[in-house]
Amino acid sequence: MAAKHSKFARADGKADGLVSTPVSGDAATPQAGQVPSSDDTPPPNQVETYGTRRVTTQTIDNKASRLNYGATEERPVPASTAEHKASSDCGQPATGALPPLSWAQRRLLICLSFGAVLDGFCQSVQLPFFPGEARRHGLSLTAAGAVFSAFALSEMLAYPVMGWLALRLGVQRLYLAGLVVAGIATLTFGLLTYVPGPAAFLAGCLTVRAAEAVGTAAVLTAARTIVINQFPDRVNVAIGVLEVVKAVGLCVGPALGGGLYVLGGYGLPFYTLGGMLLATAAINVVAMPAIASTESGKTEAHQREAEQRTDQQSYMKMLTIVFSCPDNWVIFTTLFIVSMNWWALDPSLGPYAQQQLNVESSELGLFYVASLLSFAVASPVWSRLADSMRNTFLLVAACLPLTALGVLLMPPAPPLDLPPSRALLGVGMALREAFCLGARLPLLALLLRCSVAAGLQDNLRGHALVSSAFGAVYNMGKAAWPPLGAAVIQEVGLPLLASGMAALTLTLAIVDAAWGLKVNSKLKQEK
């Protein structure tokens with residue numbers, strides 16, 4: 001059996017590829033009457049090393065095979081998708097002590113972290129000064145808000161395209177191209193101050209901001225795909241690292257943007273950030289570690305022939321598998337509600353805190369820094385716990401009630417019957433950040449497992465599609481909830497909105513718990 005994995009070329013011209021886990025459907029299947037050559041069929045029990053994974057292929061009656069991932073576990077790979085679905089479902093095999101990350105994996109994570117923190121900067125660096133600049137150019141606050149919303153909306157629309165593009169351009173090329181596009185767009189945004197007239201200024205802002213969002217969508221799609229492909233036993237740990245550094249970018253971005261604006265005016269924050277993005281792309285061409293691109297003992301021509309014989313699923317077929325799986329719809333709903341808890345309240349939290357608690361904008365920034373600390377402390381805990389659990393639906397269900405409690409404490413909401421206070425606001429924000437992360441962090445790996453159990457090929461193509469679907473659903477909430485939250489607050493006030501959000505979150509916790517118990521029963525039956 002010839003193991004198949006996708007390839008992509010590095011920007012410096014060297015062949016480079018990401019390793020994908022072979023499953024049923026990935027093996028090269030000879031045409032009728034064709035005898036596989038010795039080049040295409042390794043002998044039984046041959047050990048082949050692909051990047052960070054050791055894959056041991058053992059033929060059993062010429063029908064079934066087993067794969068060994070590192071030294072931690074041995075998973076049966078059924079001969080058919082139906083068997084795979086029945087045996088694995090949405091649970092993951094229990095693992096023992098995991099080996100430490102290799103130096104190549106650590107370098108890879110560092111390179112991806114630079115892209116994640118710069119993505120956070122892109123979303124937040126203009127927050128302190130852009131509304132004032134927009135008014136100076138004759139725009140209303142509503143128009144200025146539309147510029148911010150355009151970023152999330154463009155990201156949401158770009159994610160499905162990035163999943164398709166990753167299969168054709170290559171994941172590493174997509175990552176580098178995203179950094180370049182975001183860098184050029186950010187530099188251009190700094191030049192818009194010279195555009196005369198409010199209509200032209202608004203059109204330029206919307207267009208450039210959309211292009212910047214396309215670049216960041218490419219970066220995040222590629223980064224998540226690389227993580228789930230190259231960190232098979234530590235997906236949640238690696239994703240947790242990227243989440244923390246992105247949160248650092250979101251929190252530090254306003255301070256950085258405000259300081260640069262004071263020093264050099266409107267253009268300096270964007271020139272600085274754009275230069276950082278382009279410099280990161282250039283550095284990653286050299287610094288990002290090379291990942292195994294060809295099988296041991298095989299030429300690239302042999303590998304291309306094997307890939308052509310492989311029964312690859314079409315992009316539409318993969319979409320159908322992912323979006324027809326009932327488990328995935330529970331995950332998508334959870335992701336959408338998690339985004340609500342982050343994005344529905346925050347746009348209106350500043351005015352509320354100022355009116356009710358006399359908290360100035362500078363002081364509110366300290367509250368966000370404190371909540372970031374809880375986010376950063378909780379991340380390694382949730383990451384390791386999620387990677388060690390067989391059924392992460394139950395972890396998600398356990399985190400959602402405490403997320404709802406944090407949301408209730410922030411205003412505080414009517415069911416608690418407590419007077420507003422700075423202490424409640426701080427505790428509520430910290431609880432929300434820590435446990436909302438715990439509910440969100442396992443969802444990417446869980447989405448991948450459920451999709452593979454439903455029949456999606458567990459290779460780089462499938463990983464890219466899962467990554468783009470995850471980003472699209474989350475950004476759908478990121479684009480929809482701020483205006484919906486503002487409209488509800490205008491009608492009934494922030495405390496009542498928090499009550500409704502908490503009720504919805506608690507309902508979802510019950511659904512996730514029930515689904516997790518159903519998965520548990522299936523896992524027990526497998527034993």
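Remember, it's a predicted structure, so these values are computed and weren't measured experimentally.
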Assess whether side-chain contact (heavy atoms from CB on, under 4.5 Å) is satisfied between Leu192 and Val208, documenting all intermediate values. CA-CA 9 Å; Leu192 294 178; Val208 175; 4.2 Å; yes
Is the shortest heavy-atom distance from the side chain of Met288 to the side chain of Leu112 under 4.5 Å? yes
Distance-minimising heavy-atom pair for Val245 and Ser113: CG2-O, 3.8 Å
Could you tell me whether a side-chain N or O of Trp343 sits under 3.5 Å from a main-chain N or O of Ala480, the two making a donor and an acceptor? no
Just so I know, are the side chains of Leu273 and Cys122 near enough to count as touching, which here means a heavy-atom distance under 4.5 Å? yes
Output for pair (Ser371 OG, Leu431 CG), nearest 0.5 Å, gives 11.0 Å
Side-chain contact test, heavy atoms from C-beta onward, threshold under 4.5 Å: evaluate it for Thr505 versus Met340 and give yes or no. yes
Let me see the working for Tyr352 and Ile489 under side-chain contact (heavy atoms from CB on, under 4.5 Å), right down to the final yes or no. CA-CA 10 Å; Tyr352 175 84; Ile489 289 172; over 6 Å; no
Can you measure from CG (Leu444) to CD1 (Ile228) and round to the nearest 0.5 angstrom? 5.0 Å
Heavy-atom pair of closest approach, residues Ala434 and Ala378: CB-CB, 3.9 Å
Looking only at atom types and distance, does a side-chain atom of Ser379 sit under 3.5 Å from a main-chain N or O of Ala376, one as donor and one as acceptor? no
Begin with the C-alpha distance, continue with both residues' side-chain angles, and end with the deciding distance and a verdict on side-chain contact (heavy atoms from CB on, under 4.5 Å) for Leu456 and Val322. CA-CA 7 Å; Leu456 184 71; Val322 170; 4.1 Å; yes
Sole candidate of Val227, Val241, Asp387, Ile239 that passes side chain to side chain contact (heavy atoms under 4.5 Å, CB included) when paired with Arg234: Asp387
As a quick check of understanding, evaluate ring-ring contact (aromatic ring centres under 6.0 Å, His included) for Phe270 and Phe129, giving each step before the final call. CA-CA 12 Å; Phe270 299 110; Phe129 60 86; 5.7 Å; yes
What distance separates Ile331 CD1 from Cys450 SG, expressed to the nearest 0.5 Å? 4.0 Å
Derivation of the salt bridge (Lys or Arg N to Asp or Glu O under 4.0 Å) call for Lys246 and Asp119: CA-CA 7 Å; Lys246 181 178 178 180; Asp119 174 68; 3.2 Å; yes
What one should report as the nearest heavy-atom pair of Pro254 and Leu250 is CD-O, 3.1 Å
Atom CG in Leu187, atom CG in Leu278: separation rounded to 0.5 Å? 5.5 Å
Determine whether the side chains of Arg432 and Ser374 contain a donor N or O and an acceptor N or O closer than 3.5 Å. no
Mind checking the CD1-CE spacing from Ile283 to Met276? Nearest 0.5 Å is all I need. 10.0 Å
Apply side-chain contact (heavy atoms from CB on, under 4.5 Å) to the pair Leu448 and Val452, showing each step before the final yes or no. CA-CA 6 Å; Leu448 175 65; Val452 170; 4.0 Å; yes
Under 3.5 Å side-chain donor-acceptor pair for Tyr261 and Gln126: no
Shortest non-hydrogen pair, Leu242 vs Ala223, comes out as CD1-CB, 4.4 Å
Knowing that exactly one of Thr225, Thr221, Leu220, Leu319 qualifies, which makes a side chain to side chain contact (heavy atoms under 4.5 Å, CB included) with Ser468? Thr221
Any donor and acceptor pair, going by atom type alone, linking the side chain of Thr207 with main-chain N or O of Gly204 inside 3.5 Å? no
side-chain hydrogen bond (donor to acceptor under 3.5 Å, both in side chains), that's the test. Do Thr392 and Arg449 meet it? Break it down for me. CA-CA 11 Å; Thr392 47; Arg449 289 200 301 273; 3.1 Å; yes
Is it the case that Arg440 places NZ or CZ above or below the six-membered ring of Tyr474, under 6.0 angstrom from the centre and within 45 degrees of the axis? yes
Smallest heavy-atom separation, Val195 atom then Ala200 atom, equals CG1-CB, 3.6 Å
Under 3.5 Å, is there a donor-acceptor pair linking the side chains of Lys478 and Gln123? yes
Are Phe189 and Phe130 an aromatic pair, judged by ring center distance below 6.0 Å? yes
For the residue pair Trp342 and Phe375, categorise the inter-ring angle as parallel (less than 30°), tilted (30 to 60°) or perpendicular (more than 60°). tilted
State, yes or no, whether a side-chain contact exists between Asn284 and Tyr175 at a heavy-atom distance under 4.5 Å. yes
Do side-chain atoms of Gln105 reach the backbone of Gln230 as a donor and acceptor pair under 3.5 angstrom? yes
Is Leu101 close to Phe231 at the side-chain level, that is, under 4.5 Å between some pair of heavy atoms? yes
Is the distance between the ring centroids of Phe323 and Phe332 under 6.0 Å? yes
Is there a side-chain contact between Leu260 and Leu256 (heavy atoms, below 4.5 Å)? yes
State whether a side-chain donor-acceptor pair under 3.5 Å links Thr216 with Glu155. yes
Could you tell me if the side chain of Glu212 sits less than 4.5 Å from the side chain of Ile184, heavy atoms only? no
For Leu443, is there any backbone N or O sitting under 3.5 Å from a side-chain donor or acceptor partner on Thr334? no
What about the rings of Phe114 and Phe121, do their centers lie closer together than 6.0 Å? no
Heavy-atom closest pair (Ala210 atom, Ser154 atom, distance to 0.1 Å) is CB-OG, 3.2 Å
Is there a donor-acceptor contact under 3.5 Å from the side chain of Arg461 to the main chain of Gln457? no
Separation of Leu167 CG from His463 NE2 (nearest 0.5 Å): 12.0 Å
Do Leu372 and Tyr368 have side chains that approach each other closer than 4.5 Å (heavy atoms only, starting at C-beta)? no
